[in-house]
Structure formats: structure tokens, C-alpha cells
Amino acid sequence: MADVFFIGLSLSSILLLVALGLAITYGTMGVINMAHGELVMIGAYVTVLCQTHFGLHFLLCIPVAFVVTGAVGYAIERFVVRRLYGRLLDTLLATWALAIIIQQAIRLEFGAAFAGLHIDGLGPGLQNVPIPSFFRETFLVGDFVVQPYRTFIIVLTIGLFILTWWLIFHTSFGMQLRAVSRNRGIASCCGIDDKRINAWTFAYGSALAGAAGVMLAGFKTVSPSMGTPFVIDGFLVVVMGGVGSLFGTLGSAVILGEVQGWVASLLNDVLARAIVFGVIIVVIIIRPQGLFSRRGR
Amino acid sequence: MLELSQMNSYYGASHVLRDIDLSVRSGEIVSILGRNGVGKTTLLKSILGLDVRIRGAITLDGEDITARPTYLRARAGIGYVPQGRELIPDFSVRDNILMGCYARTDRRRLVPDLVRDMFPYLRDNLGRRAGLLSGGQQQQLAIARALASEPRILLLDEPTEGIQPNIVEQIEDTIQRLNKQVGLTIVLVEQNVKFARAASQHFCIIERGAIAASGVIDALTDDIVRRHMTV
């Protein structure tokens, strides 16, 4: 019982980490970033590269990936998304194109493949990331088997959720962000530099995706197309929770992760996924504004 | 203090304001009058650079601000109280006021004493959600938000529109106090000719996107009002 619940919770954590970034970029800025999954993938590759080339400790890869994907996100906002504000479908297409470009860049090793060079850790193949031994050794508390790596994912996710909540509701940056997301025009009339706020918000949402990528690299094989399914999952979590509601995203990630975990343990993984989608469809029909949202969108 | 010269404004392809010349002197109230839909709100939005494209020149205290983005114009000292107030309904009264502080030159975040003195209701209800306030209180809050940035000039867009009659007088009194006691320069978009006459030193009537008449307030005769404002 407890371990099924626990596995569900760790699935929820990954969902939440991916969705949290989207909840910010989509929920507060109204930008659909189809390249979000690729930012997760970049986070995973940062881990691969840091380990193979610099021998960096797995834990240290988290802040590195956070900064690298944040910087990539900042650049995406600055050069692509910024020029398309208010044009939802154009943004969707442009970021989708970016997603494909990023995937191919990894496959072609940023062009080095054309010159016959090979960079270890890149290319079309699969990569494996070894996690530190203290994450692999399970131990018992009573009859409950503690899996340290999954526990770590859950703790890190809770930490990042609290950080995000604090950033949005208890800092000056967060207040400017909330003001811009409610009423961009009047926010700028109050002296708020809306473009700067948007760029940093996008960078932060991207950085969260990067952190998710590191965690994923620890228990899934890393490949150029690994991020694609996550953008779908992430959007489903955000929409089911209620767009613009941080706690809605948390709640719906927990629900979907648990449903997946329980059905998978009772039946099988494929059926679990079908049932997760079924739950989402029912929720969206009954509550189109999302489970936890006060206002519709 | 504020000078518009040969200013033209466009929303996309439509040309809304034509060759506007307007000069606002320090410490005075200028009333912008005209029928609905002639471009009065667009005039204020052009001064702020909000959603409109402009040609021509806008200077504030001799500095050319035409090319600056909206937030820098706000920081240069232009306060704005928009039509319909545009508060953030789920922010508290305090947060709505603090929002205005981002345009302060010292970047401090506080509820100014001036706001506490002028609006005792707001002072006593800082934790209340703005969406729960009455129309008049919301109007006070919108003015308070603009004052929080310590502006040099205040743009007010129909501040008494949609407010119950017994509160209208209170708002009008506030505007006059801000001008006379605090010394704020004000550009006031109004429909109420009587109040415009009582409060302002100059007027400017807009018709079909161009200035139809302007001058000192004594020159605003009943004849001009009849010609340009009666529906």
C-alpha cells in the first residue's frame, strides 16, 4: 500500500516539476511553449555532458542545468517569444519549430557531426546517467522500503514548489509578475518594465524544466526525443489544475501521478496511461476552468 | 511642462488623432472635452505610449519622451488614472497602491502619507481585496495608486464616470485639492462642463480626432459647448 502511494508520489513529482515551469509561462504569461519538453531534455543532456566531460557530481548538475536551461529560456524569450506576444498560435508554431531545431542540434552534435567529429554524450543515440551509490541503496523503515532516489526527487520538488510560491507571492519580482499577468498595460503605466519581467519569468520557468531534466536523467535513458511526451503531460496537468493557479497545478499533478501509480500496480502501465487521459477528459468536461481555479480562461 | 506638438496617433492602420498641439503649464488643470469616441482617451494613451503608435513629439519638462516605452514615461513622472479604473481585483488595497511605487524615482515601496491623509477609508482597509470596494472607493484607489508614484503630472480619464452622484462631489473635491494643495499638474478628461469650468484654467475640445477649440477656461462659452459637445 504505502509503497504504491510512494511511487505515485514520485511520478507526481516529475509531473509537477515539468508542469510548474509551464504553469508559469503558460499560466501567467499566456505563452504556449512547445519547446518546454526540449528544455527538460537539455537539462538531462547537461547532466550527461557534465558527468562525462567534467566528472561533475550528480547533485552539482542540478544547479548547472538550472542555470543553463534558464539562459536558453531567456534567449528563446528574447529572440522569439517576445516578438509574438498576443499571437498565441504563432507562438505555438514558432516554439514547436524551435523544439525540432533543438532536437536536431543534439542529434547532429551542434553540427560537429558534419565535420566527422564526435562529442561524447551527444548524437542520436541513448545515454545513461549513473546516479550516486547512496541513491541506489534502498533501506527499510519498518516494513516500508525507502527508495532514496525517489525520495530525493519528491523532496527536491517540494523545495522548488515552495521556492516558486515564495517567488511569486512574497517578492517584489513576483508582485510585478502578477501585475503584468493580470493587466500588462496598467502595470507598465505603474512603471513596471513588462518586457524585462516577461524575459526573467520565462527564464525561470525554463530553469525549472532543466531541473526536471536532471532528475529524469537519473532513472530514464536520455535521448534527443525524450522531452516530447512531457510537454503534453505538463499541459494536461496545468489545464486540469486550472490555468494560473499554482496550487491547482500541485493538486492535479498529485492526482494524476497517483492514478498512474495505482492503476499501473493493479493492472499495467499502458492501461494506467489511458485511465489518466480518461480522468483528464472527464474533469475538463465537468470543470472546464480546471479543478482549483477561481476564474475561467 | 507637458508639450505635444503635431502629434498623430494610430491604432494599427486607423488614424485616430490628427496634428494635436497641446501645452500644459506646471500647476494647472487642463480639461479635455468632447463627445464620446472622438479620441480623448486615445490622447491620454498617446501621452503614455500605451497600445498606440504616434508620430510627432511629446516633451516633458523639455525632455523628449516620444521614443520611450510606457514604463519609462511613468518613471519620468506621468501618473495615470484610467477610465474604468483598471485595478487588479484580487490584489489587496495595499498591493494595488504599492504597484504604483515601481514608478517612483527612489524605488521605495510604501503607502505614501498623502494617500493616508486623503483617503481615510483606504488607510483603514489596506488588507481588503480591491474587487470588494464600491465604485467610488475603487476610484479613490485608482487615484491613490497613481499618487504612490509621486507623479509630476496626473492624467485622469473621466474620474466621475459610473459613480453614484453623492460620491461624485467627493471625487471632484479630491481633484481640486490635489491641484491646489499638493500643486499637482492635471490633465482631466471630462464630460461634465460645469466641473471643468470650476476646476480648470485651460480647456481643449476634441472633435473627430482633431482639436476643435482650445484656450483659457473663460473662453469656453455656452455657444462653443453647444457646437462641439451636445449630442
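By convention in this document, chain letters (A, B, ...) are assigned in the order of the sequence lines, proteins followed by strands, and residues within each chain are numbered from 1.
You'll find the side chain of A/Arg178 stays beyond 4.5 Å of the side chain of B/Ile88, heavy atoms only.
Within residues 190-197 of chain A, the residues having any heavy atom less than 4.5 Å from a heavy atom of chain B are, in residue-number order, A/Cys190, A/Gly191, A/Ile192, A/Asp193. Proximity to chain B among residues 153-177 of chain A is limited to A/Ser172, A/Met175, A/Gln176, judged by heavy-atom separations below 4.5 angstrom. Among residues 133-159 of chain B, the residues having any heavy atom closer than 4.5 Å to a heavy atom of chain A are, in sequence order, B/Arg145.
No part of B/Leu87 comes within reach of chain A, as not one of its non-hydrogen atoms sits under 4.5 angstrom from that chain. For a residue to count as touching a neighbouring chain, one of its non-hydrogen atoms must lie under 4.5 Å from one of that chain's; by this rule B/Asp95 touches chain A with backbone and side chain alike. Neither the backbone nor the side chain of B/Arg73 comes within less than 4.5 Å of any heavy atom of chain A. Contact of A/Arg184 with chain B is made through the side chain alone, with heavy-atom distances under 4.5 Å.
For B/Ser31, the side-chain hydrogen bond (donor to acceptor under 3.5 Å, both in side chains) partners two or more places apart in sequence, or in a different chain, are B/Ser200.
Within a 6.0 Å radius of CZ in A/Arg82, other residues, nucleotides and ligands contribute more than 12 heavy atoms.
Here the closest non-hydrogen pair linking A/Cys189 and B/Tyr80 is SG-CD2, 3.5 Å. Contact between A/Ser188 and B/Thr70 at its shortest, heavy atoms only, is OG-CG2, 3.6 Å.
The structure places CG of A/Asn183 at 5.0 Å from CD of B/Glu86, a figure rounded to the nearest 0.5 Å.
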